[in-house]
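Below, read A as the first sequence line, B as the second, and so on, with proteins coming before strands; counting in each chain starts at 1.
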Protein chains: 2
Amino acid sequence: MVVKIDDVARLAGVSKTTVSRVLNNRGYLSDTTIKKVHDAMESLNYQPNAVARQLFKKETKLVGLIFPTVDNPFFGQLVAELEKRLFDSGFKVLIGNSMNDPEKEETYLKELISNQVDGLIVGAQNRDISEYHTSNLPVVSIDRNMNEDIPVISSDNYQGGKLATELLINSGAKHIINTNGPVNLKTPANRRTQAYADVMASHNMVPHTYVIDFNWDINKKERIINEMFKEYPEMDGIFVTNDMDAALVWRTAVKLGYKIPQDLKIVGYDGANSTRVLLPELTTIEQPIDEIAQVAVKTLIDRIQGKEIPAEQILPVKVWKGQSV
Amino acid sequence: MVVKIDDVARLAGVSKTTVSRVLNNRGYLSDTTIKKVHDAMESLNYQPNAVARQLFKKETKLVGLIFPTVDNPFFGQLVAELEKRLFDSGFKVLIGNSMNDPEKEETYLKELISNQVDGLIVGAQNRDISEYHTSNLPVVSIDRNMNEDIPVISSDNYQGGKLATELLINSGAKHIINTNGPVNLKTPANRRTQAYADVMASHNMVPHTYVIDFNWDINKKERIINEMFKEYPEMDGIFVTNDMDAALVWRTAVKLGYKIPQDLKIVGYDGANSTRVLLPELTTIEQPIDEIAQVAVKTLIDRIQGKEIPAEQILPVKVWKGQSV
DNA sequence: AATTGTATGTCAACCGGTTGATATAAAATA
DNA sequence: TATTTTATATCAACCGGTTGACATACAATT
């Protein structure tokens, strides 16, 4: 049967209070007693039941992560780094892939709250979900504007949009298109499109932003991208809002007979590890994904500890010069 | 303050036993009482404390996943699909990225056991870690041979290795190299290399297997791959044990002046979603990743329910014809 | 009218670990 | 010698929800 603290106490010849003191390194304890208790634990293969302690301590050492999916280079790298840093800081991670579905996100949120997570790091849909406000839970957001209570970590999206657009213009592109997700999704990533429009205006160029929804499947995306090429046959430059879509744009252009970058210059956004290995030719705006994770974890731990934290933290981007511009 | 079942009972004007009966849909209950209780829960924004119930029920509805990392197309897709199916089956997922480090894996295992997970799905290091045996926890393994107690799900690695090698031979390659991870890692993936050797022998060709460790960083991998090109200058075909490494081989070959596939034919293994988008030109042996996840979740749930399950389940692979052969 | 079913309450114990209050005894210190 | 510190035990309550046993009252059925 499952070994309990009483069993350890009996074998060690001490009280369960003493075993608890050894487990928690609390109170006066002789070296002899400590050794006897450890020997008993090892002998019985005792594994303390964290659930009992969580109930009493009102602290689970669990953190919930809600992101669209880890089946994606950007989110995969982000979640991997978040998990690593949280674990190194004594937390375990409960993960929810919400697929940007508000109902699914709300279900996850309720489940995580019910499981008494100590905090949340989220980067998913942000349609008004009341539990974010009512639960009094420390939350940190990545690339999503939730409300003024919830700190946001993001890359310098505006600067990234600016760099991308200027790079295309300086490389001779004259008809530059931008793609973005749905604008009702409140995210700092919208600043990429804003920067694109600003830079275009300052060069007396007409901006065009094409919506490609993150959640569309590959086939739908390919159809929409084909339509984009039909709709803008003069397009000779494109700033794509993420690398996966940039890759699709690239493949579609090649199929249509375009030469990259002679006929069409392409800039993406993300620069994740996997993308770097699988498609290093793609010129892209590189987000500091590992740094975003590091800052998010530090901010969450500060929130859990009740410290003052900044409302927004914007981390610098870089240009990765591939061969698509 | 935090709302408890007593608070809901007081507002609804019933006993906490009645609230518990409503929560669990147990015993006789009138519609009026059910409504009163639900209204009170909503009014107070009551969120049941799962920890208390977990302690009593000795069931957490949590499943632990231990994989090397989700910052990788194959594991990212696998973990995303596992999480989705587990959540749809009423479980939440605690994730541990072990980076193939046995000590880290053991730490994760202990933590997950302590957190009373109902089961585990693992696909990481498998060096003898005693807790897999002693904890009496339902475990399912993906692509790892643990012991005869633990069921294994994998793709048909032998068939994959056979298909890859035959494809290279049938395309005219005469000097074919294979890469694999460290052979002391007990994994069905070693059958890829076995199949390669068997097919080569049957064509009177000398097999060469080059070890590339999954955990080496990009720089070390690139160095080792460069050395491989120096050591086998006559190489005109290569079967790479995973797509990320295949991409690195491709880039290195191009840098060295090879034309793909004229001078060097390349076959990878995995065929993950992200790889398909970012490098569709890569010819690869496509694992049924989503099916592996589906079977693993079904097997784990069967184990949790004490049902008889098969010791090994091998799922069919396919060839993805890119342009690298 | 008697019996059975429905509805809800009371009570207390439990799940496993934590911990404060208090007690006792021995060792160390002033 | 008196006081303080160290070491360990006992006891019981707690954390929040679950649930069985039993009670009471009313409604439905035989």
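Separating the NZ atom of B/Lys58 from the C1' atom of C/dG17 is a distance of 13 Å, rounded to the nearest angstrom. If you take NZ of A/Lys61 and C1' of C/dG17, they are 17 Å apart, rounded to a whole angstrom. For the pair A/Asp6 CG and C/dC15 P, the interatomic distance rounds to 10 Å; values are reported in whole Å. For B/Asn25 and D/dT19, the CG to P distance is 12 Å, given to the nearest whole Å. Computed from coordinates, the A/Lys35 NZ to D/dA7 P distance equals 18 Å when rounded to whole Å. Per the geometry, CD belonging to A/Gln47 stands 15 Å off P belonging to C/dG16, to the nearest Å. Rounded to an integer number of Å, the gap from CD of A/Gln54 to C1' of C/dG16 is 12 Å. One interatomic measurement links the two molecules: NZ of B/Lys36 to P of C/dT8, which rounds to 8 Å at whole-angstrom precision.
A donor-acceptor pair shorter than 3.5 Å cannot be found between the side chains of B/Asn100 and B/Glu105. Judged purely by distance below 3.5 Å, without hydrogens or angles, the side chains of B/Thr18 and B/Ser15 pair a donor atom with an acceptor atom. Side-chain atoms of A/Gln77 and A/Asp290 include a donor-acceptor pair closer than 3.5 Å. There is a side-chain donor-acceptor pair under 3.5 Å between A/Gln313 and A/Thr299. A donor-acceptor pair shorter than 3.5 Å cannot be found between the side chains of A/Ser20 and A/Thr17.
Of the candidate nucleotides C/dT10, D/dG16, C/dG5, C/dG5 has the atom nearest to the side chain of B/Tyr28.
Axis angle across the helix from C/dA1-D/dT30 to C/dA30-D/dT1, with five pairs used at each end and values rounded to 10°: 30°.
For A/Phe74 and A/Phe67, the gap between ring centers reaches or exceeds 6.0 Å.
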Please list, pair by pair, any protein nitrogen or oxygen found under 3.5 Å from a nitrogen or oxygen in nucleotides 23-30 of chain C.
none

Where do N or O atoms of nucleotides 18-22 of chain C meet protein N or O atoms at under 3.5 Å, pair by pair?
{"residue": "C/dT18", "atom": "OP1", "partner": "A/Asn24", "partner atom": "ND2", "Å": "3.4"}
{"residue": "C/dT18", "atom": "OP1", "partner": "A/Arg53", "partner atom": "NE", "Å": "3.0"}
{"residue": "C/dT18", "atom": "OP1", "partner": "A/Arg53", "partner atom": "NH2", "Å": "3.3"}
{"residue": "C/dT18", "atom": "OP2", "partner": "A/Ser20", "partner atom": "OG", "Å": "3.1"}
{"residue": "C/dT18", "atom": "OP2", "partner": "A/Asn24", "partner atom": "ND2", "Å": "3.4"}
{"residue": "C/dT19", "atom": "OP1", "partner": "A/Lys57", "partner atom": "NZ", "Å": "2.7"}
{"residue": "C/dT19", "atom": "OP2", "partner": "A/Arg26", "partner atom": "NE", "Å": "3.4"}
{"residue": "C/dG20", "atom": "OP2", "partner": "A/Arg26", "partner atom": "NH1", "Å": "3.4"}

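In this structure, A/Val14 reaches the sugar-phosphate backbone alone: every heavy-atom distance under 4.0 Å involves primed, P, OP1 or OP2 atoms, never a base. Across all strands, A/Ser15 comes closer than 4.0 Å to base atoms (heavy-atom distances).
Side-chain contact between B/Leu62 and A/Asn115 is present, with heavy atoms from C-beta onward closer than 4.5 Å.
A salt bridge links B/Lys298 with B/Asp302: the closest approach of a Lys/Arg side-chain nitrogen to an acidic carboxylate oxygen falls below 4.0 angstrom. B/Lys84 and B/Asp88 are joined by a salt bridge, as a carboxylate oxygen and a charged side-chain nitrogen come within less than 4.0 angstrom of each other.
When all heavy atoms of B/Ser155 and B/Asp143 are compared, the pair lying nearest together is N-OD1, 4.4 Å.
Within 6.0 Å of CD on A/Glu312 lie more than 12 heavy atoms contributed by other residues, nucleotides or ligands.
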